[in-house]
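Working notes, beginning with the structure itself.
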Amino acid sequence: MGRKAKTTLIKEEYDRIMAHYADLPKNQMAIVEPLVQNAAFMKITLDDLQKSINADGCSEEYMNGANQYGKKASADLQAYNSLIKNYNTVTERLGKLLPPEKRESRLEQLARE
């Protein structure tokens with residue numbers, strides 16, 4: 001059986017995250033929903049990039065002209081590094097918007113995963 005479509009994975013991640021915010025008032029939901037949409041997209045994209053980096057490595061060779069060549073960070077690695085920073089920012093913001101009774105420490109989250 002093949003891998004689910006990216007849009008399906010994003011929707012599942014969106015639903016998983018949104019379940020934590022179901023009890024929020026409507027005015028806060030207007031802030032949370034776009035953040036969750038972005039977080040879900042970034043999570044699934046980060047997973048894809050990570051698989052690509054694991055398969056292809058962190059560097060790629062380049063050639064600029066006749067005698068200029070070497071190695072540089074792969075495009076996937078650069079995209080991953082940029083996206084992970086944005087993902088961390090969005091998830092931190094979402095964490096602050098969680099109702100206090102649903103908040104858990106980062107250590108508890110890591111232990112659960």
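- Evaluation of the side chain to side chain contact (heavy atoms under 4.5 Å, CB included) rule for Asp15 yields Lys11 as partners, not counting sequence neighbours.
- If you take CD1 on Ile53 and CG on Asp76, they are separated by 6.0 Å, rounding to the nearest 0.5 Å.
- Considering all non-hydrogen atoms of both residues, Ser74 and Gly57 come closest at OG-O, 3.8 Å.
- Checked against side chain to side chain contact (heavy atoms under 4.5 Å, CB included), Ser59 has the following partners two or more places apart in sequence or in another chain: Lys71.
- For the side chain to side chain contact (heavy atoms under 4.5 Å, CB included) test with Val32, the passing option among Leu98, Ile17, Leu24 is Leu24; the others fail.
- For residues 32-50, the side chain to side chain donor-acceptor pair (under 3.5 Å) pairs, not counting sequence neighbours, are Arg3-Asp48, Lys6-Thr45, Tyr14-Glu33, Lys43-Asp47.
- To the nearest 0.5 Å, atoms CD1 (Ile84) and OG1 (Thr91) are separated by 8.0 Å.
- Atom CD1 of Ile31 is separated from atom OH of Tyr21 by 12.0 Å, given to the nearest 0.5 angstrom.
- Considering only residues two or more places apart in sequence or on other chains, Asn64 meets the side chain to side chain contact (heavy atoms under 4.5 Å, CB included) condition with Tyr62, Gln68.
- Residue pairs that meet the salt bridge (charged side-chain N to carboxylate O under 4.0 Å, His left out) test with at least one member in residues 20-29, sequence neighbours left out, are Asp23-Lys102.
- From Lys4, atom NZ reaches atom CD1 of Ile10 across 13.0 Å, with rounding to the nearest 0.5 Å.
- Expressed to the nearest 0.5 Å, how far CG of Leu94 lies from CE of Met18 amounts to 9.5 Å.
- We find the CD1-CG distance between Ile44 and Leu49 to be 11.5 Å, quoted to the nearest 0.5 Å.
- With sequence neighbours excluded, the residues forming a side chain to side chain contact (heavy atoms under 4.5 Å, CB included) with Ala5 are Thr7, Thr8, listed by chain and number.
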